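Below you'll find the structure, written out as structure tokens, and then a few comments.
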Amino acid sequence: MHHVIIGAGPAAVSAAEHMKKLDARSEITMLAAENVPPYSRMAIPYFLVGNITPEGTYLRKNADHFENLGINVRHGRASSIDPQSKSVKLADDSTIAYDKLLVATGATATKPPIPGIDLDNVHNCWSLADAHKIIEKATPGSNVILMGAGFIGCIILESLAARKVNLTVIEMENRMVSRMTNSVMGTMIKDWCVDKGIRVLTSTKVDRIDPGQGSALSVSTNTGESIAADLVICATGVRSNTAFLEGSGINIDMGVVVGDYMETSVTDIYAAGDVAQGKDFSTGDYYVQAIQPTAVEHGKIAAQSMVNGHVTASPGNVNMNVLDTVGLISTSFGMWMGVDGGDESELVDKENYQYINLQFKDDVLVGASSLGMTQHVGVMRGLIQTASPLGEWKDKLMANPTRLSEAYLAGAQAQDQKNSA
Amino acid sequence: MSWTKKLLRVNLSSGTCTEEPLNMQWANDYLGQRGLATRYIVEETDPACDPLGPDNKLIMATGPLTGTMASTGGRYSVICKSPLTNAIACSNSGGFFGAELKFAGWDMVIFEGRAASPMYLSIENEKATLHAADDLWGKSVWEADGMLRTKHQDPQARIACVGRSAEQGCLYAAVVNDLHRAAGRSGVGTVMASKNLKAVVVRGTLGLGNIDNPEAFAATTKAGKAVLAENAVTGQGLPAYGTQVLMNVINEVGALPTRNMRETTFEGAANVSAEAMAEPRKSDGKPNLTTNGACYACTIACGRISTIDRTHFSVKDKPEYWINSGGLEYEAAWALGPDTGVDDIDALTYVNFLCNEDGMDPISLGSTIAAAMELFETGAITTAQTDGVELKFGSAEALCWAAEATAKGEGFGRDLGMGSKRLCEKYGHPEFSMTVKGQEFPAYDPRGIQGMGLAYSTSNRGACHLRGYTVASEVLGIPEKTDPLESDGKAGLVKAFQDATAAVDSAGLCVFTTFAWTMDDIAPQVDAACAGDWSTERMMEVGERIWNMEREYNAKAGLTGADDNLPARLLNEPANSGPATGRVSELAKMLPEYYEARGWTADGSVTAETHQRLGLPG
Amino acid sequence: MRKHKTRRIAPDGAVAESFMQITLKLFATLGDLLPSNAVRNVATINVDDDATLHSIIDSYRVPRELAHLVLINGVFVCDADRDQSGLLKEGDVLAIWPPVAGG
Amino acid sequence: MQKSLHIDPAKCTGCLQCESACSLENEGIFNPSKSRIKVFNFHDEGRFVPYTCTQCDEAWCMQACPVDAIVINAETGSKDVLEDICVGCKVCTIACPFGTINYNTSSGKVVKCDLCGGDPACADACPTQAITYVDANATGLDKMRAWAAKTDNATS
């Protein structure tokens with residue numbers, strides 16, 4: 001059985017390793033588009049800040065890791081697939097035949113269609129190659145504009161601040177990281193950044209980028225401001241890498257639509273990770289989560305389905321995020337924005353940048369978000385995913401949401417007693 | 001070195017918080033906590049000051065072993081001049097607050113001045129901030145604790161707080177930490193409230209390093225824990241039954257003060273004993289006692305954690321009391337029970353909860369209610385004062401009513417909040433007040449345990465069992481049995497216990513360790529933690545130095561040998577039951593021997609020679 | 001009530017039977033060792049006229065090292081005297097605790 | 001025979017000797033806030049519950065780690081954080097449904113229980129045997145795992 005995996009990111013590596021675990025005899029080929037060992041985009045900010053070398057971003061540290069496991073890593077970019085002949089065509093026109101195929105091609109950073117976006121010194125921050133360029137250009141005292149205050153934007157703020165650049169963040173939405181924060185929390189993150197000497201413009205759009213004096217750029221906003229910049233970093237969004245699947249007959253929406261076994265609409269083809277539009281645990285809807293834990297879990301589920309068949313359906317993945325914005329740690333889980341008819345418990349301490357917000361449906365935790373919390377944050381996932389009825393603890397959490405760990409433990413213990421009864 | 005060498009000075013008048021180096025010379029001479037903080041009080045305040053005025057200072061102090069893994073190394077003390085006794089006050093508490101203060105990097109916090117409006121202090125490591133506490137004022141300790149915990153969004157924060165009793169001027173208000181541990185005696189909570197300081201919230205994540213000899217410390221504290229574990233008292237008796245096991249013991253030996261100390265045995269003792277706490281109740285088949293709980297680092301875990309019978313009249317309509325809280329402990333159970341003649345264990349537990357909830361010293365509260373009951377019996381107090389309540393000995397309803405009124409400082413509760421001495425004076429019967437230096441007695445009748453009479457009368461903070469617990473020897477046989485009815489030799493015993501206790505307190509340890517540990521077990525732990533040589537002899541000398549320093553402070557505050565006294569009842573009215581029948585306290589015989597053993601003058605003053613020998617300040 | 005009648009056989013073969021009634025109180029962990037007629041920690045028992053404290057302690061299976069506080073009518077009896085007979089008389093209260101403390 | 005921490009909350013008195021011992025072993029100082037084992041105090045119920053990593057088979061933390069900084073200790077079976085490889089991204093802290101891997105703001109890395117390499121200091125310090133280090137089969141940890149398994153995305 002030859003399993004071919006297109007991609008070499010976390011979903012691909014997770015899938016490959018699980019396949020080997022489930023069936024040691026299977027033949028596995030992992031197709032890596034970038035000419036470096038499989039690495040993690042999550043780790044790039046730490047490379048940017050200088051904490052680690054490029055090797056520090058590698059998904060597996062032993063150079064022979066994949067070889068030792070019997071996983072073939074082949075460098076090359078897939079240009080199309082042919083489900084009829086069950087083969088993948090590469091950019092160099094060579095083909096690889098597969099029995100089962102996993103599409104784990106991830107996503108690519110996009111650039112908004114505005115004038116000047118393709119000028120020199122306007123970069124994404126997505127690949128290791130991008131990171132090298134940014135390191136080269138973000139010199140102390142230089143003017144840097146960061147377009148987009150989403151996850152990627154926020155997470156590289158610290159490394160940019162550490163490089164002592166004059167930083168301006170421009171965000172279209174009315175708050176930072178709008179995909180994981182309500183306005184209270186998003187505004188607190190903005191205040192924190194401003195407090196750290198970063199200029200943050202929210203509800204602001206870049207209209208155009210023009211060549212300025214020398215090598216500098218001039219960035220014009222919809223508020224009429226022109227800001228000089230030596231470097232513009234574009235972190236406005238990503239798009240699933242699905243272009244090469246055109247004509248394959250695979251159902252594609254925002255990403256490759258997958259069912260509860262990570263199967264696509266075409267037999268023997270699966271998808272996982274940032275490219276996959278899978279089921280969300282909380283809503284039951286299908287969308288691209290593009291987060292590390294989901295990529296890994298996708299890979300694991302896909303591996304099972306590909307090796308053992310469609311045995312266990314996935315209940316979907318809990319959307320969750322953790323973000324470190326210049327030292328301010330935020331998390332969000334599940335339906336952090338709440339659900340219709342649900343209850344909300346919220347504590348705000350703007351002065352000390354502490355925030356916690358719990359969302360309930362009846363007495364079940366369905367979503368949560370926090371600022372400044374580092375201890376036992378995982379229990380938010382635990383409570384959401386086990387959908388445990390909280391009973392009397394619901395009221396206690398409504399009164400004081402910081403008692404989350406206690407609520408979790410009380411539930412775990414009750415479960416424990418039930419099991420032994 | 002185990003000290004953080006840093007203290008926090010909080011001036012409530014100016015609203016400033018400043019860091020200062022700890023005076024290490026003094027730390028060498030006075031160790032920490034009780035001794036060291038009193039040294040600061042002596043240096044910085046006028047002993048004649050008004051205890052409730054801005055010139056009094058209040059210190060929360062840890063010892064060098066507070067926050068370490070030494071067993072019981074979690075204690076802290078609150079030190080100030082007492083409004084109840086006008087003498088030095090030092091009240092010791094366990095729980096977790098003291099260790100947390102240390103983990104935040106502070107050996108002690110000195111509060112001075114008085115805030116113009118209610119404030120609370122938050123300490124997060126080096127960051128100390130005063131906050132407005134108008135919303136907390138008027139709230140109980142339990143309510144305020146919840147509000148502060150929510151506000152600071154930190155379940156791990158440790159909070160010390162005063163209740164409504166303190167705000168209302170109850171003279172025996174406690175500082176309650178961790179919801180049910182208290183710096184209970186002498187009205188230290190009253191002083192805190194007089195400064196308009198409602199609470200201290202502390203969170204320490206820095207930790208405590210600085211151990212002088214880490215290897216030796218690990219070895220010696222481990223050995224110490226083994227001694228506690230293997231000792232039958234600290235290894236089995238205290239964890240299983242807690243201090244309350246004494247209820248039957250002291251009753252049996254005929255030294256259980258009953259009905260305002262008129263009698264020495266209580267017919268209802270068994271109903272309010274440790275054994276009774278463990279009996280299943282009729283209503284739900286559960287005992288009042290839930291479990292035993294420990295203070296920080298304590299490997300004994302004597303603390304009782306209990307519930308009240310939900311069908312009991314005191315709480316049947318109050319679900320907020322259907323929870324667990326600390327108690328009953330022996331002294332509290334005695335004062336609220338035998339001393340008031342009440343043998344209803346749920347009533348006692350309820351009133352004890354009120355003491356936790358609103359920060360009252362249960363010993364002083366119970367004793368004061370007992371005195372009020374005697375005043376009521378004689379007609380000096382009538383139902384006109386008590387809202388129609390029959391304040392009779394043995395009435396559980398009256399006890400609960402009186403405690404509620406005192407907790408909130410309402411009506412006759414304000415009179416009760418004055419303490420036994422002032423109450424009895426107000427109603428024309430000072431002889432009914434069972435106090436020394438204005439502080440109420442604990443649970444041992446000096447007629448049945450002679451050494452305790454001397455210990456009470458000479459205690460620097462007024463009648464107290466924790467300043468020289470000769471019960472250990474006279475009743476419990478620790479370290480060796482002496483005859484409780486015999487006054488010979490008690491002067492030396494009292495002095496030794498007093499000095500040892502001062503040293504143990506100042507180290508940051510719990511005095512209960514001394515049921516198993518001798519100073520030979522303790523000194524090596526201090527020695528390994530702290531720079532310099534800390535021998536048994538040095539520890540005892542430090543203890544003696546502290547005792548004499550406190551004595552000199554009290555002298556300057558206006559106290560004399562004449563205050564080393566006992567109520568006439570204990571000196572003149574013989575015990576009427578039990579082994580002590582026919583006996584009175586032989587204080588007059590013991591006191592001169594004690595003064596001599598102390599190296600004091602015949603009228604109880606520290607001599608210049610003793611002052612010199614101990615290197616006392618001033 | 002548990003009968004604690006003992007028969008003493010003199011060297012000449014004469015049989016003597018005599019006992020008295022006392023109150024036995026076993027506290028704390030020792031409470032479980034009381035006879036079933038005990039109420040809370042108190043039982044009325046019959047003991048031999050010249051019973052020693054140790055003989056009573058042993059017959060109720062109180063380990064001697066746990067008979068720490070031993071009081072007759074509230075007065076402590078030291079270990080050395082516990083083998084001595086004649087300390088008890090009719091109606092006395094014998095109270096025993098394991099090592100305990102408090103305060 | 002692999003061993004596991006066995007926790008019996010009924011025996012716990014809440015003294016925090018375990019937290020002190022853990023911090024001393026791992027941080028070199030007494031600092032319960034940095035302990036990998038945490039005792040929760042259910043005050044109103046009069047209950048103390050020590051809580052730490054169960055070294056679960058699923059190892060969500062390890063699987064979620066983007067840089068391979070969490071590895072299985074072959075000797076003890078514990079999942080250990082390699083501090084020099086951890087970049088401090090905290091993904092493991094949200095992935096672990098037990099909440100037993102935590103970010104240490106002072107080191108910028110995550111920390112979790114590693115069984116002290118096979119001689120857990122918490123068990124050694126516990127005065128009441130509420131925490132013991134025993135044969136893995138005897139622990140009842142499987143019950144805690146069963147609870148956690150409800151979290152698993154039906155992949156095991």
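The chains referred to below are lettered A, B, ... by the order of the sequence lines, with proteins before strands, and numbering in each begins at 1. Fair warning: this is a prediction, and the values are worked out from it, not measured in the lab.
Highest contact tally toward chain D, considering only L208(B), I305(B), I300(B), T299(B), is held by L208(B) [criterion: heavy-atom pairs under 4.5 Å]. Counting heavy-atom pairs under 4.5 Å between each of T72(B), D178(B), N292(B) and chain D puts N292(B) at the top. Of the residues considered (A10(D), P32(D), S23(D), A125(D)), P32(D) shows the highest number of contacts with chain B, using heavy-atom pairs under 4.5 Å.
For chain D, the nearby parts of I323(B) are the backbone and the side chain; heavy atoms of each come within less than 4.5 Å. The contact between F217(B) and chain D is made entirely by side chain atoms (from C-beta outward), counting heavy-atom distances below 4.5 Å. For a residue to count as touching a neighbouring chain, one of its non-hydrogen atoms must lie under 4.5 Å from one of that chain's; by this rule L228(B) does not touch chain D. For T68(B), the parts lying under 4.5 angstrom from a heavy atom of chain D are both the backbone and the side chain. Contacts between K102(B) and chain D at a heavy-atom distance below 4.5 Å are absent for every atom of the residue. Interface residue A297(B): backbone and side-chain heavy atoms are both found under 4.5 Å from chain D. With a threshold of 4.5 angstrom between heavy atoms, T290(B) approaches chain D through side-chain atoms but not through N, CA, C or O.
Between F353(B) and Y350(B), the distance from one ring center to the other does not fall under 6.0 angstrom. Two rings, from F30(D) and Y296(B), have their centers 6.0 Å or more apart.
In E83(D), the CD atom is not crowded: 12 or fewer heavy atoms of neighbouring residues, nucleotides or ligands sit closer than 6.0 Å. Atom NZ of K318(B) sits in a crowded spot, with more than 12 heavy atoms from other residues, nucleotides or ligands closer than 6.0 Å.
Minimum heavy-atom separation, R281(B) to I308(B): NH1-C, 3.8 Å. A70(B) and L65(B) make their closest contact through CB-CD1, 4.3 Å (heavy atoms, listed as atom of the first residue, atom of the second, distance).
Between I7(D) and P50(D), the closest side-chain pair of non-hydrogen atoms falls below 4.5 Å.
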